[in-house]
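Read through the structure below, which is laid out as structure tokens, and then see the notes.
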Number of protein chains: 2
Amino acid sequence: MANLKQLAQSLGLSITTVSRALDGYADVSAATRERVREAADKVGYRPNASARRLRRQRAELVAVTLPSDPGHIGPPHFLDMLSGCAEHLAAAGLNLVIAPVPRCESELDICRRFVDGRRVDAMLLVRTKRKDERVEFLQSRGIPFVTNGRTESLLPHPYIDGDGFAGFRAATLRFHAAGHRRIGHIAGPQEYYFAHDRCRGWRAAMEECGLATDLCAEGAPLEQGGYLAALELLRQPSRPTALVCATDEMAIGALRALREVDGGNQISIVGHDDLPMGAFTSPPLSTMRMTGENLGASFASLLLRAIAGEPAEELQELHAIEFVDRDSHRRPAKAA
Amino acid sequence: MANLKQLAQSLGLSITTVSRALDGYADVSAATRERVREAADKVGYRPNASARRLRRQRAELVAVTLPSDPGHIGPPHFLDMLSGCAEHLAAAGLNLVIAPVPRCESELDICRRFVDGRRVDAMLLVRTKRKDERVEFLQSRGIPFVTNGRTESLLPHPYIDGDGFAGFRAATLRFHAAGHRRIGHIAGPQEYYFAHDRCRGWRAAMEECGLATDLCAEGAPLEQGGYLAALELLRQPSRPTALVCATDEMAIGALRALREVDGGNQISIVGHDDLPMGAFTSPPLSTMRMTGENLGASFASLLLRAIAGEPAEELQELHAIEFVDRDSHRRPAKAA
DNA sequence: AAGATTCTCCAAAACGTTTTGGGAGTCAAG
DNA sequence: CTTGACTCCCAAAACGTTTTGGAGAATCTT
């Protein structure tokens with residue numbers, strides 16, 4: 001309700017003094033400072049955010065772009081992550097705005113709007129592509145940002161990512177150790193870094209074991225994509241006995257395909273993301289997930305450090321992937 | 001990069017004219033308007049958001065508060081809803097900021113911070129309680145807001161809600177028509193409007209049918225809460241043969257309880273929310289969901305109309321609840 | 001030809017902060 | 001008495017827009 005001028009007037013002080021008193025500067029006597037603070041408390045004074053932002057040349061805002069394709073938004077914990085991130089940003093006086101991408105615009109347009117209108121101090125990018133134009137743009141503008149997922153950008157940039165390569169390699173080797181020899185991969189769209197990374201992990205393991213890498217099918221990172229890709233692999237003359245799937249959603253689609261095919265329930269399968277519903281599929285879906293707790297806080301911390309100017313190299317977190325042992329990966333190797 | 005002053009200087013025009021040209025006022029000649037627009041396009045001029053907000057006395061922001069208790073954030077479609085809402089708000093020049101509530105603060109504190117700092121033009125409230133202090137506060141401040149869920153506030157306020165009363169009444173009657181007589185209710189915390197509303201619906205149906213309303217147990221709106229509440233009902237001397245659960249999460253907990261009890265798999269059950277994982281439980285969980293598509297757009301529209309000053313009475317949407325027929329509600333009435 | 005009207009444009013005043021660059025006092029030291 | 005240091009305060013200048021209230025020139029009316 002009240003602004004600085006009114007508050008100052010009612011106290012018989014100058015705007016300057018009131019402002020500095022509230023900010024705790026030392027050049028205001030302790031007595032006045034206390035008097036000002038009490039008065040401010042009493043009238044419930046809060047500085048006008050827009051005015052402060054204008055003067056300070058800070059937006060006090062961070063934006064996160066949300067891909068609008070339904071189902072592309074990421075696992076359910078995504079909202080928890082955002083919530084955690086926003087909470088930690090708020091402690092530093094920053095708010096998190098969500099910026100969904102309308103169908104008619106590109107993610108780049110959104111970035112441009114936010115950056116060039118000086119609406120944000122930093123950005124959070126999700127679902128990075130190997131070659132991500134948003135990253136290039138933000139780098140060229142010199143605006144701080146953190147990505148959820150790596151890219152193949154030449155310049156380093158801050159990110160948090162799971163080590164999909166290692167995770168999928170390990171999962172594949174696990175199948176190999178269990179006696180599987182025909183291990184298929186259901187891959188996500190390869191322009192996404194995570195999908196490519198996971199595919200590489202599977203491929204590396206296969207090559208290490210001296211196995212052919214032709215049992216690979218790509219699909220949209222959705223239930224339907226996994227379903228179609230699985231059908232494709234099941235049509236092969238020599239079927240896979242195990243499937244490593246890029247995401248849980250695809251794995252669930254693959255499970256549906258397996259149910260429709262003779263002996264499909266004898267095929268092992270593993271996904272990635274640890275979707276809650278995976279616990280209820282039949283068989284319960286073994287999966288993988290990124291380690292680390294309170295990811296949101298990590299993102300917030302990286303963002304704040306990026307804003308503070310820390311070099312990108314020090315703001316990169318690669319998290320190990322852990323295996324979540326349910327049941328779907330335990331089918332015998334020799335069946336099918 | 002550029003601001004109005006520089007742009008004006010480079011064109012040999014005044015700031016005023018450039019500003020008005022870009023806003024399309026009629027008092028700049030079509031020729032100059034075009035010239036200005038081209039120049040602005042070329043240098044990629046975007047008005048500084050903070051400056052505009054200060055001058056216009058609008059924050060161009062809407063905040064949504066997220067309860068921080070994990071699991072309380074609502075069904076997975078919640079993020080889709082937010083995303084849709086943000087998208088439609090963006091079309092009107094408003095951005096959506098998410099405001100999670102840290103453990104040490106109340107939702108009211110958050111509202112206060114946003115409202116008194118003039119950080120937002122409106123607020124979106126979720127998980128309303130029957131007596132909701134946030135609603136009272138916002139009403140007293142006269143700031144526009146829309147709630148997801150009704151309240152028992154005396155003054156009307158804009159909301160979108162599902163007709164839980166009718167939905168739960170209908171579901172209960174459906175069980176009655178199928179021959180069930182001992183129909184239990186697993187209720188959510190009654191301080192929440194939705195939980196109370198659904199409970200009333202069950203109770204009304206029971207009374208209409210002349211049945212006792214003692215088979216009711218309350219729990220936290222989580223899997224564990226449903227599990228414990230179900231165990232409580234199953235301990236009764238005469239067990240329910242059907243369960244109407246306030247939420248799917250609770251229903252899934254109840255399913256776990258049923259599995260642990262002899263003959264539990266003969267008990268019918270229905271939930272509410274249409275969680276994706278409900279399709280994978282065994283048996284697949286019959287459920288209910290609010291009708292209406294693109295809820296986010298509806299919220300955005302109500303928010304905009306509230307900001308425009310439309311009276312609250314015209315900004316209330318009560319959506320019907322539809323039944324989602326899977327399998328879990330089809331157990332015979334005479335078993336158990 | 002004088003007055004009214006219309007077209008274009010602009011100077012200056014906001015909006016509410018934060019920050020710069022002092023300006024009065026007071027006190028102690030030189 | 002002067003000087004310097006220190007304490008406490010303040011006027012004024014930003015920050016970049018939008019909007020108000022004209023001003024000057026051209027065109028139309030009478």
Side-chain angles (χ1 to χ4, degrees), chain A residues 1-37 39-40 43-61 93-95 113-121, chain B residues 1-37 39-40 43-61 93-95 113-121:
Chain A
M1 221 67 264
N3 61 20
L4 220 40
K5 199 200 284 195
Q6 291 160 17
L7 189 56
Q9 222 147 23
S10 81
L11 284 164
L13 288 170
S14 76
I15 293 183
T16 311
T17 304
V18 175
S19 171
R20 314 210 93 204
L22 293 173
D23 277 4
Y25 279 71
D27 66 355
V28 185
S29 74
T32 346
R33 195 159 49 215
E34 218 25 64
R35 194 161 67 95
V36 170
R37 287 210 169 133
V43 302
Y45 168 78
R46 304 270 173 157
N48 179 302
S50 303
R52 202 218 340 258
R53 302 206 249 243
L54 173 60
R55 171 63 226 217
R56 284 234 187 112
Q57 298 286 74
R58 302 246 206 86
E60 298 181 355
L61 248 37
L94 294 176
N95 287 121
R113 192 206 314 284
F114 274 98
V115 170
D116 289 344
R118 274 163 230 75
R119 294 164 176 279
V120 293
D121 298 321
Chain B
M1 219 68 264
N3 60 20
L4 219 40
K5 200 200 283 192
Q6 292 161 15
L7 190 55
Q9 222 148 22
S10 81
L11 283 163
L13 289 170
S14 77
I15 292 183
T16 310
T17 305
V18 175
S19 171
R20 312 211 94 205
L22 292 174
D23 277 4
Y25 280 72
D27 67 355
V28 291
S29 72
T32 353
R33 195 159 49 214
E34 218 25 64
R35 195 161 65 95
V36 170
R37 287 209 169 135
V43 302
Y45 167 78
R46 304 271 174 157
N48 179 302
S50 303
R52 202 217 339 257
R53 303 206 249 242
L54 173 59
R55 171 63 227 219
R56 285 232 188 114
Q57 297 285 75
R58 302 248 206 85
E60 298 181 355
L61 248 37
L94 295 176
N95 285 121
R113 192 207 313 283
F114 274 97
V115 170
D116 289 344
R118 274 165 231 72
R119 293 164 175 281
V120 294
D121 298 320

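Chain A is the first sequence line, chain B the second, and so forth, proteins listed ahead of strands; every chain is numbered from 1.
For B:R119 and C:dC15, the CZ to P distance is 20 Å, given to the nearest whole Å. We find that CZ of B:R53 is positioned 19 Å from P of D:dC15, with the value rounded to whole Å. Separating the CZ atom of A:R118 from the C1' atom of D:dT17 is a distance of 12 Å, rounded to the nearest angstrom. Put simply, CZ on A:R52 is 20 Å from P on D:dT17, counting in whole angstrom units. Between A:R56 atom CZ and D:dG16 atom C1' the separation is 17 Å, expressed in whole Å. Rounded to whole Å, the distance from CG on B:L13 to C1' on C:dC9 is 8 Å. Between the P atom of D:dG16 and the CG atom of B:N3 lies a distance of 5 Å, rounded to the nearest Å. Atom CD in A:Q6 sits roughly 14 Å away from atom C1' in C:dT17 (whole-Å rounding).
Minimum heavy-atom separation, B:F114 to B:V120: CD2-CG1, 3.5 Å. Minimum interatomic distance between B:V28 and B:A21 (heavy atoms only, all atoms of both residues): CG2-CA, 3.7 Å.
Contacts between residues 22-35 of chain A and DNA chain C, defined by a heavy-atom separation under 4.0 Å, are made by A:Y25.
Under 3.5 Å, the side chain of B:S14 and the base of C:dA11 form no donor-acceptor pair of N or O atoms. For D:dT18, its base sits under 3.5 Å from the side chain of B:R55 at one donor and acceptor pair at least.
A:I15 comes within contact range of at least one nucleobase, with a heavy-atom separation under 4.0 Å.
Under the 3.5 Å distance criterion, the side-chain polar atoms of A:R118 are matched with a main-chain donor or acceptor of A:D116. Between the side chain of B:D121 and the backbone N or O of B:E60 there is at least one donor-acceptor pair closer than 3.5 Å. With hydrogens and angles disregarded, no donor-acceptor distance shorter than 3.5 Å links the side chain of A:D23 to the backbone of A:Y25.
Among the nucleotides D:dT17, C:dC10, C:dG16, the one closest to any side-chain atom of B:Q57 is C:dG16. Of the candidate nucleotides D:dC9, C:dT17, C:dC10, D:dC9 has the atom lying nearest to any side-chain atom of A:T17. Side-chain atoms of A:R20 lie closest to C:dT19 of the nucleotides D:dT17, C:dT19, D:dC15. The side chain of B:T16 sits closest to D:dT19 out of C:dT19, C:dG16, D:dT19.
Sparse packing is recorded around CZ of B:R58, with 12 or fewer heavy atoms of other residues, nucleotides or ligands lying under 6.0 Å away.
A:N48 CG to B:Q57 CD: the interatomic distance, rounded to the nearest 0.5 Å, is 6.5 Å.
Contact annotation: A:Y45 reaches the phosphate of C:dT17 (side-chain N/O to OP1 or OP2, under 4.0 Å).
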